[in-house]
Trainee: 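Here you go, one structure.
Below, all heavy atoms of this structure are taken into account, side chains as well, without hydrogens, waters or symmetry copies. Here is the naming used below: chain letters follow the sequence lines, and residue numbers restart at 1 for every chain. All figures in this text were calculated on a predicted structure; none of them were measured in a lab.
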There are 4 protein chains.
Amino acid sequence: MRSTEGPDGPGSADDTDTADGIVPHPTGPRSQRVHQAVLTATKELLTEGGYPAATVDAIAARSGVSKATIYKHWPSRAAVAAKAFGELMARALPLPDTGTAVGDLTEQVVRVSAFYASPLGEVFAQLTAACVDDPAGAAYFREYFLAGRRRAVTELWQRAVDRGEADAGIVVDDVIDILFGPLIFRRLTGHRELTDEHARTLVATALRGLLPDASRPQH
Amino acid sequence: MRSTEGPDGPGSADDTDTADGIVPHPTGPRSQRVHQAVLTATKELLTEGGYPAATVDAIAARSGVSKATIYKHWPSRAAVAAKAFGELMARALPLPDTGTAVGDLTEQVVRVSAFYASPLGEVFAQLTAACVDDPAGAAYFREYFLAGRRRAVTELWQRAVDRGEADAGIVVDDVIDILFGPLIFRRLTGHRELTDEHARTLVATALRGLLPDASRPQH
Amino acid sequence: MRSTEGPDGPGSADDTDTADGIVPHPTGPRSQRVHQAVLTATKELLTEGGYPAATVDAIAARSGVSKATIYKHWPSRAAVAAKAFGELMARALPLPDTGTAVGDLTEQVVRVSAFYASPLGEVFAQLTAACVDDPAGAAYFREYFLAGRRRAVTELWQRAVDRGEADAGIVVDDVIDILFGPLIFRRLTGHRELTDEHARTLVATALRGLLPDASRPQH
Amino acid sequence: MRSTEGPDGPGSADDTDTADGIVPHPTGPRSQRVHQAVLTATKELLTEGGYPAATVDAIAARSGVSKATIYKHWPSRAAVAAKAFGELMARALPLPDTGTAVGDLTEQVVRVSAFYASPLGEVFAQLTAACVDDPAGAAYFREYFLAGRRRAVTELWQRAVDRGEADAGIVVDDVIDILFGPLIFRRLTGHRELTDEHARTLVATALRGLLPDASRPQH
DNA sequence: CTCTAAACGAGACGGTACGTCACGTCTTCGG
DNA sequence: CCGAAGACGTGACGTACCGTCTCGTTTAGAG
């Protein structure tokens, strides 16, 4: 168990532990150096050439960390990439604060949409795809993306509830699925463009369904 | 161009041509045999072992069609699989007719959800993932899945509009994204279960946003 | 069977088939090119850096033949090296013809001893060692070395018998073992030097045991 | 130099120092425990799974001695194995005493042949092979095997000389090479079986060459 | 009923990356 | 200060599947 998981694998951080049974082990200074070097190299490679460029060999070469060691820290290539990309993405999407629930959620969806439409959005899609056939990587993916998204939306939704704009009875996970599912669907299948306008339309419609009548945006 | 596309590649059929510039070439009897043999073999392999099992070598071996010939008919492995799986899926999802727009759309979403949750749903996810890095395959994917889904929803939505239950001003593509995006999101990331109950909750919320006040389901 | 053996694996050549069950398959022009390229590259690498240098990766790189293809032609690295080195060695050791059995056999042993003492002798030792843990390679080794040696000694021994110098009742394999075993023993273990003088002493003693009294060399 | 050699490396014991420049360092009680634990573990591993099983990691794990410590006592894996196997072999081959030189030497060769043919013979071959590319290990190999063999044969040969059966002018090393070289040759290359009968034939022929006419066995 | 041009089966091939193994070194910390 | 524990770099391994290619062999359909 611990031998196949890195010092801060999915779920190690805190309450967001996704119950994948992944537990960290005590980290020495050596491990930290390795850990950071790998993630830094991976971020660079992902940025430069997307997921296909983030070969384990390439990561090893650039980071100066051997393949064998990489595989001691992470269960698969997808896991490394998920962790690295998670760190990349976190910075790109700060929480908005427009003063209203509708405004905040709309803004957040638009930002995420824009992110998906950017070059890094391509990487996101590749990573999502890679995790479909890699359960180990998927655990990391869930921890480093979805958990992050979830925390953000939970925060915003809670604000809305506190302000009386939203119905406290709605499960946050449903909010997430309805707000972001459509974006991800488009991004992955490429069947339609991801523009801000599209995003605003989607979020407006979704919020009409999610919010109580008084708070709902109109068509 | 045409030399890399099969006799009935995406867009070859009719008005659903997705403008990917894919055009078929005249088909002889030989081609038809080959075509069918490949698809049949691929369907079997997909059913038995999912996308990973549908290796081009495996398809060639089982169908008796050589790899070179397969690549004369389809641009990539993903394309073959998309076409084959499209045929598999079509049968599994007939149009519902409950008498109401809300009922029809709900039923359709629930059926699709159940399909995604079934073993074939796994294949669907794999296929979606495979097309992320394969533009050629993606064209087939869009033609053989999304187009099919789109036609079905368009039909249902039109019924709703005709019955005065739905607002004719809403773009069908948005309906599709909002109804199915969340399902696909869950299926691909595996972050939550796909149960009928979840599906009903999602569709109810989505329809509250999509339908005019008079037709909307309540929380 | 055939799929793992190259066009002229051990035993394919003729009557010397060592009964390892290795059978060649019909060779196309592609295979021939590959085959030759690999052997040429391997010979160069063996000559330059010995067996350790004849990495499969290195062979692939230098020959322009991919690793996968190499493994389609030979069962292991040792097998490739054995075949290649066999060709190298064959040229280095022509049959002597001094006019007498004692002279011919002595000369042959001295030449082999000198070969073992040369840089290529090091490669020979490495190859022998490599085959200890590689049954597949060992089959090639036996075919391409021992068979070659055996043919040579058989020829010389037969001459001796024909001239009435040697006893027809002695099994050639015993002759080989007694004449060359000591040399190989020394070369492998490095416990003593391999000089011409040592070789002559050994062969003289051995022949005293092998030949009838009349033909025997004296101490 | 000494830092890489154990407390009783090759040549440390006595006059049989093979001039490889290997010198022991003073041994404390800790070292002794470590030393013995390692050798015991190695013997077990060699017996159970041959040389391939006697991984340094495996030895460390089983003996409770760390890898770093092992490398303080021996220069390489092969060296540890050589020392350990030397102790295993010593017990298996006591000196014969049949009353005649011919009898003793024959018996000794037959016993060694039987040993080579046994499971431990496989290990012997692997060890010999391993030392080809490991000069440091080779030094140990020579000390713990060849020296042992040499002492035994020297003893037997001396008896023969004392009894007037053997010629005092023959170098013992030549005797060794001629008697055992053929066996080792067969064992390593696997080109022929190692049976008692073969061994007797070989030794008879060899002795015909080695012994004065009066003592020689006949064909 | 040929005869030619295309379609085809078979499968070799180069390429790229995978994940694994064991060696021997080096670091950390406990007794 | 020695030694246990074990992380680490290194270098090679053998495998998998992709998509391309070359070879002969069918097989149509035109003349």
Trainee: How are the rings of His73(B) and His35(B) set relative to one another: parallel (under 30°), tilted (30 to 60°) or perpendicular (over 60°)?
Mentor: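 Rings of His73(B) and His35(B): tilted, as their planes differ by 30° to 60°.
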Trainee: Would you mind reading off the distance between Ile70(D) atom CD1 and dA22(E) atom P, rounded to a whole angstrom?
Mentor: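 So the two atoms are 15 Å apart, to the nearest Å.
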Trainee: Do Thr42(B) and Val38(B) have side-chain heavy atoms sitting under 4.5 Å apart?
Mentor: yes
Trainee: Could you grab the distance from atom CD1 of Ile59(B) to atom NZ of Lys43(B), nearest 0.5 Å is fine?
Mentor: 12.5 Å
Trainee: Whole angstroms only, please: what is the CH2-C1' distance between Trp74(C) and dG14(F)?
Mentor: 16 Å
Trainee: Return the value, rounded to whole Å, for the distance between atom OH of Tyr51(B) and atom C1' of dC18(F).
Mentor: 10 Å
Trainee: Return the 5'-most residue of the pair Ser66(D), Ala78(B) with respect to DNA chain F, ranking by each residue's nearest nucleotide.
Mentor: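 First, find each residue's nearest nucleotide; the 5'-ward one identifies Ser66(D).
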Trainee: Considering just the side-chain nitrogens and oxygens of Thr69(B), establish if one lies under 4.0 Å of OP1 or OP2 belonging to dA10(E).
Mentor: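 Answer no for this pair, as no side-chain N or O of Thr69(B) is under 4.0 Å from OP1 or OP2.
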Trainee: Roughly, in whole Å, what's the span from CZ in Arg33(A) to P in dA7(F)?
Mentor: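 Rounded to the whole Å, the gap is 14 Å.
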Trainee: Can you find a side chain N or O atom of His73(B) that sits less than 4.0 Å from OP1 or OP2 on dC8(E)?
Mentor: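 Affirmative; the distance criterion is met.
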Trainee: If the cut-off is 4.0 Å, is Arg77(C) near the phosphate of dG14(F), judged by side-chain N/O to OP1 or OP2?
Mentor: no
Trainee: Side chain of Lys72(C) only, heavy atoms from C-beta on: which candidate in dC13(E), dC8(F), dT10(F) is closest?
Mentor: dC13(E)
Trainee: Return the nearest nucleotide to the side chain of Val34(A); candidates are dC8(F), dA4(F), dC17(F).
Mentor: dC8(F)
Trainee: Is the base of dG6(F) touched by the side chain of Lys67(D) through a donor-acceptor pair closer than 3.5 angstrom?
Mentor: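 For Lys67(D), whose side chain was compared with the base of dG6(F), there is no donor-acceptor pair (under 3.5 Å).
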Trainee: Output all residues satisfying ring-ring contact (aromatic ring centres under 6.0 Å, His included) with Phe85(B), sequence neighbours left out; order by chain, then residue number.
Mentor: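 Applying ring-ring contact (aromatic ring centres under 6.0 Å, His included) to Phe85(B) gives Phe145(B).
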Trainee: In chain order, what residues pass the side-chain hydrogen bond (donor to acceptor under 3.5 Å, both in side chains) check against Ser76(C), with sequence neighbours excluded?
Mentor: Asp134(C)
Trainee: With a 4.0 Å limit, can you tell me whether Ser76(A) has a side-chain N or O closer than that to the phosphate oxygens OP1/OP2 of dC18(E)?
Mentor: no
Trainee: With Glu44(A), which residues qualify under side-chain hydrogen bond (donor to acceptor under 3.5 Å, both in side chains), at least two apart?
Mentor: Arg62(A)
Trainee: Send over the distance from Gln36(B) CD to dC8(E) P, rounded to a whole Å.
Mentor: 14 Å
Trainee: Enumerate the residues from residues 41-50 of chain A whose closest heavy atom to DNA chain E is under 4.0 Å, giving them by residue number; use none for an empty result.
Mentor: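 Listed by number, there are none.
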Trainee: Of all residues at least two apart in sequence or in a different chain, which pass the side-chain hydrogen bond (donor to acceptor under 3.5 Å, both in side chains) check with Ser66(C)?
Mentor: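 Per chain and number, Ser66(C) pairs via side-chain hydrogen bond (donor to acceptor under 3.5 Å, both in side chains) with Thr69(C).
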Trainee: Could you tell me if the side chain of Glu122(B) sits less than 4.5 Å from the side chain of Tyr51(B), heavy atoms only?
Mentor: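 Tyr51(B) does not reach Glu122(B) side chain to side chain.
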Trainee: Any side-chain heavy-atom pair from Ser63(D) and Thr40(D) closer than 4.5 angstrom?
Mentor: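 Of all side-chain heavy-atom pairs linking Thr40(D) with Ser63(D), none is under 4.5 Å.
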Trainee: Of all of residues 52-65 of chain B, which get a heavy atom below 4.0 angstrom from DNA chain E, listed by number?
Mentor: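 Result for residues 52-65 of chain B: Gly64(B), Val65(B), sorted by number.
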Trainee: Let me know the distance between OH of Tyr71(D) and C1' of dC2(F), rounded to the nearest Å.
Mentor: 19 Å
